[in-house]
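Scope of the values below: all heavy atoms of this structure, side chains included, with no hydrogens, waters or symmetry mates. Positions are given from 1 along the sequence. It should be emphasised that the depicted structure is a prediction, and the values quoted were computed from it without experimental measurement.
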Amino acid sequence: MVWEPEIEELNHRRRLAEKMGGKEGIERQHKRGKLTVRERIAGLADKGSFREIGALTGGARYDGDKLVAFTPGNSVIGTCELDGRRVVLSGGDFTVRGGAADAAVGNKPGYAENLALEWRLPYIRLLDATGGSVKTFEKIGRTYIPGKPGGKPEYHPLSVIPVVSAVMGSVAGLPAVEACMAHFNLMVKNTSLLFVAGPMVVKAALSEDVTKEELGNEQIQAHTSGVIDNVAENEADAFRIIRRFLSYLPNNVWELPPRTEPTDDPNRRDEGLLSIIPRSVRKIYDPYKILDHTLDCDSFFEIQPYFGKSRIIGLARVNGYPVGVMINNPRFLGGSLDMTAGEKVIKFMLMCNTFHLPMVYFADEPGFMVGLEAEKQGIVRAGARMVLATRETQMPWI
């Protein structure tokens, strides 16, 4: 073979890249109950479908012309298939410099994002990164935040393709912001953390002693702040949730959402609907039963179940067609709209409008939340934003 030495050299470099941060870094990742980035991609993607891009980016050391050491960049990017549908993904490698931004050689995640835009494919971020390094800033005397390769894109990803962010480990700084720059995000119970800055920075800035868990576990970010939409039980569950969310959405705004054949009769009339809502307005009912009796069986996928609980939202199917779903929850604040529910609903309506998903709304709306606390939080402004956001939607409503 004429080019055998060069091919063997390429394969040698690929093998070095696949070692990631080395044996010790991988062992530390596993001891924390976390998978490596390559194990995550293998768990998420259809078997054998991952095609890596930029595998050989990194830092190298040579002895003459001979490569003697190689540290790969701390992100892995490429394309894969989820249930036969092609997507673009990027994954942070915590085993290399803790995912620090100054080890992100070539801004590979930015390159992957631009590819997803160019190819009009869904984009998935598997986030496990600590963000910037102050030490590097002090050493080089300037910031090193990377710019997007290829200049300014014609569209922002959120306006044309589905974007999912999965917080898979300790995520801070710029990666924490990227967690929010998505149509849907999630974290993993007991192993994921999300915050702007960690305990040492908080201590230096505010003289407060806090733990990482107090700053950004699922109780803070999914239940209290609403920054995170859903919480997975473990990493395998996170992969299942990502697949399910994307199953309701098209590849891009120029395509229709995929339809599946329903397993139940779309013309059914469930007798249970006659008994769910009580005659007395003082008695509450279970809103989930209404969803069970009207949508395709087992098709409802709830989004943000722990936040803004007076309104239940999610994706579902009607006769196999994906739809957005909202229903007031009389079990919380009587179903009235408070600040948290308003934020939740506005974000959801914008997503459904972007991807042309019809909205099915089961209305039992007593109005905006009243009282001193609601007024302090600015319920009037929130109500105005809610009304404007609703009027600006163009998808069909029922």
Side-chain angles (χ1 to χ4, degrees), residues 17 20-21 36-38 40-41 44-45 50-60 70-80 82 86-134 136-137 140 142-186 194 196-197 227 242 246 251-253 354:
M20 297 172 283
T36 66
V37 62
R38 294 186 179 276
R40 286 167 178 159
I41 292 172
L44 174 64
F50 179 59
R51 298 292 179 266
E52 187 170 357
I53 298 170
L56 303 185
T57 56
F70 176 72
T71 302
N74 60 5
S75 57
V76 177
I77 69 170
T79 66
C80 69
L82 303 185
R86 195 180 184 200
V87 302
V88 178
L89 62 79
S90 66
D93 185 357
F94 201 83
T95 69
V96 179
R97 291 284 313 280
D102 52 332
V105 178
N107 188 22
K108 290 166 69 175
Y111 185 82
E113 184 177 299
N114 279 354
L115 283 182
L117 274 169
E118 181 180 348
W119 295 341
R120 300 182 177 182
L121 294 174
Y123 179 49
I124 301 170
R125 303 185 188 98
L126 301 177
L127 297 169
D128 195 356
T130 54
S133 169
V134 176
T136 299
F137 175 83
I140 65 178
R142 59 176 173 81
T143 182
Y144 49 82
I145 295 176
K148 298 290 183 188
K152 185 177 180 180
E154 184 178 359
Y155 304 104
H156 190 278
L158 293 177
S159 67
V160 291
I161 57 173
V163 179
V164 176
S165 289
V167 178
M168 308 301 292
S170 295
V171 174
L174 185 60
V177 176
E178 290 177 327
C180 300
M181 296 173 64
H183 296 104
F184 177 75
N185 62 23
L186 71 157
L194 178 74
V196 172
V227 166
I242 293 170
L246 288 175
N251 285 337
N252 54 66
V253 297
T354 296

Query raised in the report: Do you see a donor-acceptor pair shorter than 3.5 Å between the side chains of S165 and R125?
Result: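 Side-chain D/A pair, S165 to R125: present.
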Query raised in the report: Are Y123 and S90 close enough that a side-chain donor and a side-chain acceptor fall under 3.5 Å?
Result: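 Indeed, the side chains of Y123 and S90 share at least one donor-acceptor pair under 3.5 Å.
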Requested in this report: Could you tell me whether the side chain of I242 reaches within less than 4.5 Å of the side chain of L126, counting heavy atoms only?
Outcome: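 L126 reaches I242 side chain to side chain.
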Query raised in the report: Are S159 and V253 side-chain neighbours, meaning at least one heavy-atom pair lies under 4.5 Å?
Result: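 Not touching, per the 4.5 Å side-chain cut-off.
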Query - F50 and V76: CA distance, side-chain angles, deciding distance, side chain to side chain contact (heavy atoms under 4.5 Å, CB included) verdict - result: CA-CA 11 Å; F50 179 59; V76 177; 3.9 Å; yes
Give me the atom names and distance for the closest heavy-atom approach of [X] to [Y].
X	Y	value
L117	I161	N-CD1, 4.0 Å
C180	V227	SG-CG1, 3.6 Å
G169	D128	CA-OD1, 3.4 Å

Requested in this report: Check side chain to side chain contact (heavy atoms under 4.5 Å, CB included) between A179 and all other residues, then give those that pass, not counting sequence neighbours.
Outcome: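 Partners of A179 under the side chain to side chain contact (heavy atoms under 4.5 Å, CB included) test: L127, V167, L194.
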Query raised in the report: side chain to side chain contact (heavy atoms under 4.5 Å, CB included) with A45: which residues, sequence neighbours excluded?
Result: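 Once residues adjacent in sequence are excluded, the partners of A45 under the side chain to side chain contact (heavy atoms under 4.5 Å, CB included) criterion are S49, C80.
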Report task. Any chance you could lay out the side chain to side chain contact (heavy atoms under 4.5 Å, CB included) test for V87 and L121, step after step, and finish with the verdict? Result -> CA-CA 5 Å; V87 302; L121 294 174; 5.6 Å; no
Query raised in the report: Do side-chain atoms of K108 reach the backbone of G73 as a donor and acceptor pair under 3.5 angstrom?
Result: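 Not confirmed, K108 side chain does not pair with G73 backbone.
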Query raised in the report: What do the steps show when you test I77 against I53 for side chain to side chain contact (heavy atoms under 4.5 Å, CB included), and what is the final call?
Result: CA-CA 6 Å; I77 69 170; I53 298 170; 4.0 Å; yes
